[in-house]
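Everything below concerns the one structure shown next.
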Amino acid sequence: MRRYSRNKILGSRLAPVAGAVILIAAAVAAADIRSVVEYRKDVMLGMAAHLTALTGLLAGEMEFDESHVAAQATSLGLNAQLISSLFPPGSDSGETAALPEIWQRPEQFLAWAEAAEREGRNLLAAVEADDRQFMLRSLKRLADACRNCHQDFRSEGSPRK
Ligand code: HEC
């Protein structure tokens, strides 16, 4: 009996604590979703910057040595290989232009993501092989994958087209 009542007291003392823990957990969960979306946009913006930088270098617009081409292509290639993992279930809310179709029609979405990831690997291989033609082809195919996926799965109202 004593045991029971002690548990009861503990229980009643713990109730508000449990409530607070649930509130904190909910806040953390909300923060997680927000940061997934923010992180996803950071990675996308980063790829856009590397893509523009690399395109400029390959067009010979600036006088930089090979290490710049290698650095931009490597960064772009590594990040492109992360794309399919940037859209975990539940990351469809908040300030996002990601369309719900991503999670409703994942086959097509993953097809574009995989195309981008394959070209990301090819970019790294092109750096390794020091092969400009291969790099240009991969870069073009990668840019196509970016565009195709945005057409299908990014909302029209997105701040950046
Ligand atoms: C498989 C689909 C897919 C691929 C491939 C893809 N993106 Fe995206 N991208 C998206 C979606 C969806 C969003 C919207 C994300 C959001 O708002 O949560 C987005 C957003 C962006 C944004 C806007 C970020 C912001 O701050 O709002 C940029 C820039 C971008 N992508 C660049 C790229 C580039 C460059 C590539 C190729 C190297 C690429 N994306 C490949 C689906 C894709």
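Counting starts at 1 for both ligands and their atoms, in listed order.
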Per-atom contacts, ligand 1 versus [X] - under 4.0 Å to a heavy atom:
{"X": "I102", "answer": "12 (C)"}
{"X": "R40", "answer": "15 (C), 16 (C), 18 (O)"}
{"X": "A116", "answer": "5 (C)"}
{"X": "F153", "answer": "12 (C)"}
{"X": "A113", "answer": "1 (C)"}
{"X": "A145", "answer": "5 (C)"}

Can you confirm, on distance only, whether ligand 1 has an N/O atom lying under 3.5 Å from any N/O atom belonging to [X]?
{"X": "T96", "result": "yes"}
{"X": "H150", "result": "yes"}
{"X": "L45", "result": "no"}

Just by distance, with hydrogens left out, do [X] and [Y] show a side-chain donor and acceptor under 3.5 Å apart?
{"X": "R118", "Y": "S138", "result": "no"}
{"X": "E117", "Y": "S84", "result": "yes"}
{"X": "D152", "Y": "W112", "result": "yes"}

Quick one: closest heavy-atom pair of L139 and L76, and the distance?
CD1-CD2, 3.7 Å

What one should report as the nearest heavy-atom pair of A70 and V127 is CB-CG1, 3.9 Å

Please confirm whether F87 and F109 have ring centers closer than 6.0 angstrom.
yes

Heavy atom under 4.0 Å from ligand 1: found in L110's side chain, backbone, both, or neither?
neither

Under a 4.0 Å heavy-atom limit, does F109 contact ligand 1 with its side chain, its backbone, both, or neither?
both

Have a look at S155, A49, A48, C146 and point out the one with the heavy atom closest to atom 41 (C) of ligand 1.
C146

Given G77, C149, A143, which has its nearest heavy atom closest to atom 2 (C) of ligand 1?
C149

Can you tell me if M47 has an N, O or S atom under 2.8 Å away from atom 8 (Fe) of ligand 1?
no

Side-chain contact, heavy-atom cut-off 4.5 Å: M135 with V69?
yes

Are D144 and R147 within salt-bridge range, i.e. N to O under 4.0 Å?
yes

Give a yes or no on whether a salt bridge exists between R132 and E66, defined as a side-chain N under 4.0 angstrom from a carboxylate O.
yes

